[in-house]
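What follows is a single structure, written as C-alpha coordinates, with notes after it.
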Amino acid sequence: RSKKGSTTKGQNMSRGAWRLGIGAASGYCSSRLMDQATSWYRQHQSEASKRREEELAPGGAPTLIGKKLGSIVGHDDVTDDEAAKIGLFVHRSLGVAWGIAAAALVRGGIRPVQAGIILGAAVFLVVDEGANAAFFTPPPQAYPIESHLRGVVGHLAYGVSVGAMLSMAQWFGARRP
(Lines give C-alpha, C1' and ligand atoms only; values in the text may rest on other atoms or scores of the structure.)
Protein backbone atom coordinates (compact mmCIF):
# COMPACT_ATOMS: atom_id res chain seq x y z
CA ARG A 1 0.00 0.00 0.00
CA SER A 2 1.09 3.53 -0.54
CA LYS A 3 1.66 5.96 2.32
CA LYS A 4 -1.96 7.10 2.23
CA GLY A 5 -3.27 3.52 2.57
CA SER A 6 -4.37 3.07 -1.04
CA THR A 7 -3.45 0.08 -3.14
CA THR A 8 -0.69 0.52 -5.71
CA LYS A 9 -1.11 -0.46 -9.37
CA GLY A 10 1.31 -3.38 -8.94
CA GLN A 11 -0.67 -4.75 -6.00
CA ASN A 12 -3.91 -4.54 -8.02
CA MET A 13 -2.34 -6.50 -10.89
CA SER A 14 -0.98 -9.03 -8.45
CA ARG A 15 -4.41 -9.47 -6.85
CA GLY A 16 -6.00 -9.85 -10.27
CA ALA A 17 -3.56 -12.57 -11.25
CA TRP A 18 -4.16 -14.30 -7.91
CA ARG A 19 -7.93 -14.24 -8.48
CA LEU A 20 -7.49 -15.66 -11.98
CA GLY A 21 -5.30 -18.40 -10.56
CA ILE A 22 -7.87 -19.25 -7.88
CA GLY A 23 -10.59 -19.38 -10.54
CA ALA A 24 -8.47 -21.55 -12.84
CA ALA A 25 -7.56 -23.98 -10.07
CA SER A 26 -11.17 -24.14 -8.89
CA GLY A 27 -12.34 -24.83 -12.43
CA TYR A 28 -9.77 -27.55 -13.01
CA CYS A 29 -10.53 -29.36 -9.74
CA SER A 30 -14.26 -28.99 -10.30
CA SER A 31 -14.03 -30.49 -13.79
CA ARG A 32 -12.45 -33.56 -12.20
CA LEU A 33 -15.24 -33.72 -9.62
CA MET A 34 -17.76 -33.35 -12.43
CA ASP A 35 -16.26 -36.44 -14.08
CA GLN A 36 -16.77 -38.37 -10.84
CA ALA A 37 -20.40 -37.26 -10.63
CA THR A 38 -21.17 -38.15 -14.25
CA SER A 39 -19.41 -41.51 -13.92
CA TRP A 40 -21.49 -42.28 -10.85
CA TYR A 41 -24.68 -41.31 -12.68
CA ARG A 42 -23.73 -43.37 -15.75
CA GLN A 43 -23.37 -46.47 -13.56
CA HIS A 44 -27.04 -46.04 -12.66
CA GLN A 45 -28.30 -45.41 -16.19
CA SER A 46 -30.32 -48.06 -17.99
CA GLU A 47 -28.47 -50.34 -20.39
CA ALA A 48 -30.78 -49.19 -23.18
CA SER A 49 -29.74 -45.55 -22.72
CA LYS A 50 -26.06 -46.50 -22.63
CA ARG A 51 -26.45 -48.48 -25.88
CA ARG A 52 -28.23 -45.56 -27.54
CA GLU A 53 -25.47 -43.16 -26.51
CA GLU A 54 -22.83 -45.50 -27.93
CA GLU A 55 -24.76 -45.72 -31.21
CA LEU A 56 -24.93 -41.94 -31.43
CA ALA A 57 -21.43 -41.12 -30.18
CA PRO A 58 -19.06 -44.10 -30.32
CA GLY A 59 -16.52 -43.61 -27.54
CA GLY A 60 -18.47 -40.66 -26.11
CA ALA A 61 -18.61 -36.96 -26.86
CA PRO A 62 -14.93 -36.34 -25.97
CA THR A 63 -13.87 -38.86 -28.62
CA LEU A 64 -16.11 -37.27 -31.25
CA ILE A 65 -14.76 -33.83 -30.35
CA GLY A 66 -11.17 -35.08 -30.57
CA LYS A 67 -11.75 -36.70 -33.96
CA LYS A 68 -13.44 -33.58 -35.35
CA LEU A 69 -10.70 -31.28 -34.08
CA GLY A 70 -8.06 -33.65 -35.49
CA SER A 71 -9.71 -33.59 -38.90
CA ILE A 72 -9.94 -29.78 -38.83
CA VAL A 73 -6.15 -29.58 -38.56
CA GLY A 74 -5.64 -32.22 -41.25
CA HIS A 75 -5.24 -35.35 -39.11
CA ASP A 76 -8.01 -37.68 -40.21
CA ASP A 77 -6.08 -40.65 -38.80
CA VAL A 78 -6.53 -39.77 -35.10
CA THR A 79 -7.15 -42.99 -33.14
CA ASP A 80 -9.96 -43.30 -30.63
CA ASP A 81 -7.47 -43.13 -27.75
CA GLU A 82 -5.82 -40.01 -29.14
CA ALA A 83 -9.23 -38.45 -29.81
CA ALA A 84 -10.34 -39.18 -26.24
CA LYS A 85 -7.19 -37.45 -24.92
CA ILE A 86 -7.86 -34.42 -27.10
CA GLY A 87 -11.47 -34.35 -25.91
CA LEU A 88 -10.35 -34.58 -22.27
CA PHE A 89 -7.92 -31.70 -22.84
CA VAL A 90 -10.78 -29.61 -24.25
CA HIS A 91 -12.98 -30.59 -21.29
CA ARG A 92 -10.32 -29.61 -18.73
CA SER A 93 -9.56 -26.37 -20.59
CA LEU A 94 -13.23 -25.41 -20.57
CA GLY A 95 -13.35 -26.25 -16.86
CA VAL A 96 -10.46 -23.88 -16.22
CA ALA A 97 -11.96 -21.12 -18.39
CA TRP A 98 -15.37 -21.34 -16.73
CA GLY A 99 -13.68 -21.34 -13.31
CA ILE A 100 -12.01 -18.07 -14.24
CA ALA A 101 -15.39 -16.75 -15.40
CA ALA A 102 -16.90 -17.71 -12.03
CA ALA A 103 -14.09 -15.88 -10.23
CA ALA A 104 -14.83 -12.82 -12.38
CA LEU A 105 -18.51 -12.99 -11.41
CA VAL A 106 -17.51 -13.19 -7.76
CA ARG A 107 -15.22 -10.19 -8.25
CA GLY A 108 -18.24 -8.41 -9.71
CA GLY A 109 -20.24 -8.98 -6.53
CA ILE A 110 -22.10 -12.27 -7.10
CA ARG A 111 -21.86 -14.75 -4.24
CA PRO A 112 -19.45 -17.60 -5.02
CA VAL A 113 -21.86 -20.57 -4.88
CA GLN A 114 -24.44 -18.59 -6.82
CA ALA A 115 -21.81 -17.74 -9.46
CA GLY A 116 -20.77 -21.39 -9.70
CA ILE A 117 -24.32 -22.66 -10.13
CA ILE A 118 -25.12 -19.97 -12.71
CA LEU A 119 -22.06 -20.93 -14.71
CA GLY A 120 -22.67 -24.66 -14.32
CA ALA A 121 -26.16 -24.21 -15.78
CA ALA A 122 -24.87 -21.93 -18.52
CA VAL A 123 -22.17 -24.42 -19.53
CA PHE A 124 -24.72 -27.23 -19.68
CA LEU A 125 -26.94 -25.20 -21.99
CA VAL A 126 -24.29 -23.46 -24.09
CA VAL A 127 -21.70 -26.23 -24.40
CA ASP A 128 -23.51 -29.56 -23.95
CA GLU A 129 -26.85 -28.71 -25.47
CA GLY A 130 -25.62 -26.04 -27.89
CA ALA A 131 -22.06 -26.03 -29.19
CA ASN A 132 -21.46 -29.76 -28.96
CA ALA A 133 -24.63 -30.47 -30.93
CA ALA A 134 -23.88 -27.72 -33.44
CA PHE A 135 -20.32 -28.84 -34.18
CA PHE A 136 -19.48 -32.26 -32.77
CA THR A 137 -22.32 -34.55 -31.71
CA PRO A 138 -25.82 -35.48 -32.88
CA PRO A 139 -28.61 -33.10 -31.82
CA PRO A 140 -29.83 -33.17 -28.21
CA GLN A 141 -33.22 -34.68 -29.12
CA ALA A 142 -31.46 -37.80 -30.42
CA TYR A 143 -30.19 -38.66 -26.94
CA PRO A 144 -32.19 -40.38 -24.20
CA ILE A 145 -33.40 -38.19 -21.33
CA GLU A 146 -30.95 -39.96 -19.00
CA SER A 147 -28.06 -38.50 -20.98
CA HIS A 148 -29.34 -34.99 -20.40
CA LEU A 149 -29.96 -35.67 -16.72
CA ARG A 150 -26.37 -36.90 -16.38
CA GLY A 151 -25.24 -33.59 -17.88
CA VAL A 152 -27.39 -31.65 -15.42
CA VAL A 153 -25.98 -33.65 -12.49
CA GLY A 154 -22.41 -33.17 -13.71
CA HIS A 155 -22.72 -29.46 -14.32
CA LEU A 156 -24.51 -28.91 -11.02
CA ALA A 157 -21.65 -30.72 -9.27
CA TYR A 158 -19.18 -28.56 -11.20
CA GLY A 159 -20.98 -25.34 -10.28
CA VAL A 160 -21.39 -26.14 -6.60
CA SER A 161 -17.76 -27.23 -6.41
CA VAL A 162 -16.43 -24.08 -8.08
CA GLY A 163 -18.63 -21.96 -5.84
CA ALA A 164 -17.53 -23.79 -2.71
CA MET A 165 -13.85 -23.41 -3.61
CA LEU A 166 -14.24 -19.72 -4.37
CA SER A 167 -16.12 -19.31 -1.07
CA MET A 168 -13.32 -21.00 0.80
CA ALA A 169 -10.77 -18.81 -0.95
CA GLN A 170 -12.68 -15.73 0.21
CA TRP A 171 -13.14 -17.13 3.70
CA PHE A 172 -9.44 -17.89 4.05
CA GLY A 173 -8.60 -14.48 2.65
CA ALA A 174 -6.91 -15.77 -0.49
CA ARG A 175 -7.15 -12.42 -2.16
CA ARG A 176 -3.53 -11.76 -2.86
CA PRO A 177 -0.22 -13.61 -2.90
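Nothing fancy with the numbering, it's 1 onward along the sequence. As a basis for the values below, the full set of heavy atoms in this structure was taken, side chains included, without hydrogen atoms, waters or symmetry mates.
In the hydrophobic clustering of ILVMFWY residues, with side-chain heavy atoms under 4.5 Å counting as a link, Leu166 and Trp18 come out together. Both Val90 and Met34 are assigned to one and the same hydrophobic cluster, defined by single-linkage of ILVMFWY side chains at heavy-atom distances under 4.5 Å. Cluster membership check: Ile100 does not share its hydrophobic cluster with Val127, using side-chain heavy-atom separations under 4.5 Å among Ile, Leu, Val, Met, Phe, Trp and Tyr. Placement of Leu105 and Tyr158 within a single hydrophobic cluster is found when ILVMFWY residues are connected by side-chain heavy-atom separations under 4.5 Å, directly or transitively. Cluster membership for Phe89 and Val73, using ILVMFWY side-chain heavy atoms within less than 4.5 angstrom, is not shared.
The structure places CE of Met165 at 14.5 Å from CD of Gln170, a figure rounded to the nearest 0.5 Å. Glu129 contributes atom CD, which lies 9.5 Å from atom CD of Gln141 (distance to the nearest 0.5 angstrom).
Side-chain contact between Phe135 and Ile65 is absent, with no heavy-atom pair separated by less than 4.5 Å. A 4.5 Å side-chain heavy-atom check between Trp98 and Val162 finds every atom pair outside the cut-off. Using a 4.5 Å cut-off on side-chain heavy atoms (C-beta onward), Pro62 and His91 make no contact. Annotation: side chain of Val123 is not in contact with side chain of Leu94 (no heavy-atom distance under 4.5 Å). Between Ser46 and Glu146, some side-chain heavy-atom pair lies under the 4.5 Å cut-off. You'll find the side chain of Val152 reaches within 4.5 Å of the side chain of Phe124, heavy atoms only.
Between Lys67 and Asp80, at least one side-chain nitrogen of the basic residue sits less than 4.0 Å from a carboxylate oxygen of the acidic one, meeting the salt-bridge criterion. Here Glu53 pairs with Arg150 in a salt bridge; the nearest charged N to carboxylate O distance falls below 4.0 Å. The residues Arg92 and Asp35 are annotated as salt-bridged, a charged nitrogen and a carboxylate oxygen being separated by less than 4.0 angstrom.
The minimum heavy-atom distance between Ser167 and Val113, with the atom names listed, is OG-CG2, 4.1 Å. The two residues Ser71 and Asp76 make their nearest non-hydrogen contact at CB-OD1, 3.0 Å. Among all heavy-atom pairs drawn from Val106 and Ala115, the shortest one is CG2-CB, 3.9 Å. Of all heavy-atom pairs spanning Leu64 and Pro138, the tightest one is CD1-CD, 4.3 Å. Contact record, Ala83 with Thr63: CB-O, 3.4 Å, taken as the closest heavy-atom pair. Between Ala133 and Pro139, the shortest heavy-atom contact is CB-CA, 4.1 Å.
Test Ser31, Ser30, Ser26 against Ser161 for side chain to side chain donor-acceptor pair (under 3.5 Å) and you get one pass: Ser30.
Side-chain polar atoms of Glu82 and His75 form no donor-acceptor pair below 3.5 angstrom. Side-chain atoms of His148 and Asp128 form no donor-acceptor pair, as typed in the model, at a separation below 3.5 Å.
Judged by distance alone, the side chain of Thr38 and the main-chain N or O of Gly154 form no donor-acceptor pair under 3.5 Å. Under a 3.5 Å cut-off, the side chain of Ser49 and the backbone N or O of Gln45 do not form any donor-acceptor pair.
Residues satisfying the ring pair (Phe, Tyr, Trp, His ring centres under 6.0 Å) criterion with Tyr143, sequence neighbours excluded, are absent altogether.
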Worksheet item: Between Glu55 and Arg52, is a salt bridge (Lys or Arg N to Asp or Glu O under 4.0 Å) present by the stated rule, with each step listed?
Response: CA-CA 5 Å; Glu55 291 168 7; Arg52 179 66 178 147; 3.4 Å; yes
Worksheet item: Could you walk me through whether Leu56 and Thr137 pass the side chain to side chain contact (heavy atoms under 4.5 Å, CB included) check?
Response: CA-CA 8 Å; Leu56 293 169; Thr137 64; over 6 Å; no
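More than 12 heavy atoms of other residues, nucleotides or ligands sit less than 6.0 Å from atom CZ of Arg42. The number of heavy atoms from other shown groups lying within 6.0 Å of NZ (Lys68) does not exceed 12.
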